[in-house]
2 protein chains.
Amino acid sequence: MSSVYRAITDAEVAFAADCPSRPILDQIADKWSMMVLAVLEQPRRFNEIKRRLDGVTQRVLTQTLRRLERNGMIERRVLPTSPVGVEYSLTPLGESLREPFGRLYDWTVEHAGEIQERRLAYDKRSS
Amino acid sequence: MSSVYRAITDAEVAFAADCPSRPILDQIADKWSMMVLAVLEQPRRFNEIKRRLDGVTQRVLTQTLRRLERNGMIERRVLPTSPVGVEYSLTPLGESLREPFGRLYDWTVEHAGEIQERRLAYDKRSS
DNA sequence: CTGAATCCACCACGATACTG
DNA sequence: CAGTATCGTGGTGGATTCAG
């Protein structure tokens with residue numbers, strides 16, 4: 001098991017307000033960030049990314065890319081073309097995040113059916 | 001590597017609006033849900049959980065617990081005490097989610113310092 | 001003790017229009 | 001092409017109060 005869970009006594013399992021994970025999770029644990037990192041297995045242009053993320057608006061994608069760039073996950077490079085192009089690519093840091101994200105993604109796919117069932121059962125009970 | 005990333009051609013890397021992972025990630029990939037699951041390594045009462053999640057409000061915690069229950073991650077059991085108590089515990093489904101969540105948590109702790117540096121550098125550049 | 005209910009402020013997002 | 005700017009709005013969260 002991972003460090004949060006292993007070999008800790010009862011009283012220690014808690015999340016203090018200053019736990020270093022909290023501001024980070026706030027910034028990167030959203031669905032668009034996850035999808036952007038997944039799609040950047042190779043450098044891609046802005047609209048290329050946008051096309052692959054069904055439903056994202058231009059505004060939100062821009063914000064997401066900025067936040068990922070600020071946190072060192074991706075790099076933004078302006079191409080000397082006409083009209084201008086912008087290429088985004090993963091940094092080593094961003095690359096290292098793809099594995100835990102991938103695990104989570106795999107989990108959702110694997111358990112999507114069961115979750116759906118549970119949800120239906122719950123809604124039936126409380127109706 | 002995990003299934004999203006491996007052995008797929010260029011054109012296939014995309015997230016359709018009906019990708020099964022998306023509604024699930026919307027429901028479970030928030031920081032409070034992650035912390036609740038982490039804290040529930042054993043059954044716990046409402047206020048017990050609340051105390052361990054520094055900064056969560058009663059309202060938000062209630063909503064989080066309901067959503068986790070609805071999705072089959074946790075079970076809610078009313079204790080025949082006076083005054084009434086409510087105990088929350090993980091289901092096998094919720095238990096299985098702790099591993100991917102733990103990985104992500106570990107990643108944030110491990111890279112917190114580097115992220116902080118990148119952020120400072122970025123802010124300095126764009127000021 | 002464990003919520004449910006209410007009120008309110010904020011901002012996150014969608015839509016749209018404009019620009020280098 | 002890759003944004004920025006602006007506006008309008010729904011939803012989310014905080015604070016507080018009430019209840020079983």
Side-chain angles (χ1 to χ4, degrees), chain A residues 15 17 22-23 25-36 39-40 42-71 73-90 122-123 125-127, chain B residues 15 17 22-23 25-36 39-40 42-71 73-89 122 125-127:
Chain A
F15 287 89
R22 293 188 34 177
L25 289 173
D26 279 343
Q27 297 254 322
I28 63 170
D30 64 289
K31 72 171 183 230
W32 293 124
S33 292
M34 290 187 54
M35 293 192 217
V36 167
V39 148
L40 280 184
Q42 66 176 242
R44 293 194 191 285
R45 304 268 301 259
F46 182 87
N47 275 340
E48 211 177 339
I49 300 171
K50 187 172 184 303
R51 272 193 305 275
R52 286 160 190 268
L53 267 47
D54 217 359
V56 73
T57 62
Q58 192 185 45
R59 173 189 170 83
V60 171
L61 180 55
T62 300
Q63 290 168 345
T64 302
L65 290 169
R66 287 283 178 281
R67 195 172 49 245
L68 288 172
E69 187 193 2
R70 183 165 111 95
N71 289 301
M73 305 294 147
I74 63 176
E75 260 175 18
R76 179 178 181 275
R77 204 179 119 232
V78 179
L79 305 174
T81 56
S82 175
V84 291
V86 180
E87 189 185 75
Y88 292 92
S89 56
L90 288 179
Y122 180 93
D123 292 346
R125 275 202 304 280
S126 45
S127 66
Chain B
F15 288 89
R22 291 186 39 172
L25 288 174
D26 278 341
Q27 297 254 322
I28 64 170
D30 64 288
K31 73 169 183 230
W32 293 124
S33 292
M34 289 188 56
M35 295 193 215
V36 167
V39 147
L40 280 183
Q42 66 175 244
R44 295 197 190 282
R45 304 267 302 262
F46 183 86
N47 276 341
E48 212 178 338
I49 300 171
K50 186 172 184 304
R51 271 192 306 276
R52 285 160 190 269
L53 267 48
D54 217 1
V56 73
T57 63
Q58 192 184 49
R59 174 188 169 81
V60 171
L61 180 56
T62 301
Q63 290 170 342
T64 302
L65 290 169
R66 286 283 176 281
R67 194 172 51 243
L68 287 172
E69 188 193 1
R70 183 165 111 94
N71 289 302
M73 305 294 147
I74 64 177
E75 260 174 18
R76 179 179 180 274
R77 203 178 119 232
V78 178
L79 304 174
T81 56
S82 176
V84 292
V86 181
E87 190 184 75
Y88 293 92
S89 56
Y122 180 93
R125 274 201 303 280
S126 44
S127 65

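Worth knowing before you read on, the calculation uses all heavy atoms, side chains too, and leaves out hydrogens, waters and symmetry mates. Residue numbering restarts at 1 for every chain, and letters A, B, ... go by the order of the sequence lines. Quantities reported herein were computed from a predicted structural model and do not represent experimental measurements.
Looking only at side-chain heavy atoms (C-beta outward), B/Tyr122 and A/Asn71 stay at 4.5 Å or farther from each other.
For A/Glu48 (side chain) and A/Arg45 (main-chain N/O), a donor-acceptor pair under 3.5 Å exists by modelled atom type. A donor-acceptor pair is defined here as one N or O able to donate and one able to accept, closer than 3.5 Å; no such pair exists between the side chain of B/Arg44 and the backbone of B/Ser89. In this structure a side-chain-to-backbone donor-acceptor pair under 3.5 Å is missing from A/Ser33 to A/Ala29.
For the residue pair B/Leu65 and B/Ile74, the shortest heavy atom distance occurs at O-CD1, 3.5 Å.
The shortest distance between the side-chain N/O atoms of B/Gln63 and the OP1/OP2 oxygens of D/dG13 is below 4.0 Å. OP1 or OP2 of D/dG14 sits under 4.0 Å from a side-chain N or O of B/Thr57.
Not counting sequence neighbours, A/Arg125 has no partner by the salt bridge (Lys or Arg N to Asp or Glu O under 4.0 Å) test. Partners of B/Asn47 by side chain to side chain donor-acceptor pair (under 3.5 Å), not counting sequence neighbours: none found. With sequence neighbours excluded, the residues that form a side chain to side chain donor-acceptor pair (under 3.5 Å) with B/Glu87 are B/Arg77.
The line from CZ of A/Arg67 to CH2 of A/Trp32 is 12.0 Å long, rounded to the nearest 0.5 Å. Distance CD1/A/Ile28 to CG/A/Leu68: 8.5 Å, rounded to 0.5 Å.
Between B/Val60 and B/Pro83, the residue whose closest nucleotide on DNA chain D is further toward the 5' end is B/Val60.
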- Reading DNA chain D 5' to 3', what string of ( ), [ ], | and . shows its pairs, if Watson-Crick and G-U wobble pairs count only when both distances fall under 3.5 Å? ||||||||||||||||||||

Please produce a list of atom pairs where a protein N or O lies less than 3.5 Å from an N or O of nucleotides 2-6 of chain D.
unit_1	atom_1	unit_2	atom_2	d
D/dA2	OP1	A/Arg45	NE	2.7
D/dA2	OP1	A/Arg45	NH2	3.3
D/dA2	OP1	A/Val86	N	3.4
D/dA2	OP2	A/Asn47	N	2.9
D/dA2	OP2	A/Asn47	ND2	3.2
D/dG3	OP1	A/Arg66	NH2	3.4
D/dG3	OP1	A/Arg76	NE	3.3
D/dG3	OP1	A/Arg76	NH2	2.7
D/dG3	OP2	A/Tyr88	OH	2.6
D/dG3	N7	A/Gln58	OE1	3.1
D/dG3	N7	A/Gln58	NE2	2.4
D/dT4	OP1	A/Arg66	NH2	3.3
D/dT4	O4	A/Gln58	OE1	3.2
D/dT6	O4	A/Arg59	NH1	3.1

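Salt-bridge check for A/Asp54 with B/Arg22: failed, with every basic side-chain N at 4.0 Å or more from each acidic carboxylate O.
Rounded to an integer number of Å, the gap from A/Ile49 CD1 to D/dC1 C1' is 13 Å. Here the C1' atom of nucleotide D/dG14 and the CG atom of B/Leu61 are 14 Å apart, to the nearest Å.
Boundaries of the chain A contact region on DNA chain C are C/dC13 to C/dG20, first to last in 5' to 3' order (nucleotide atom under 4.0 Å from a heavy atom).
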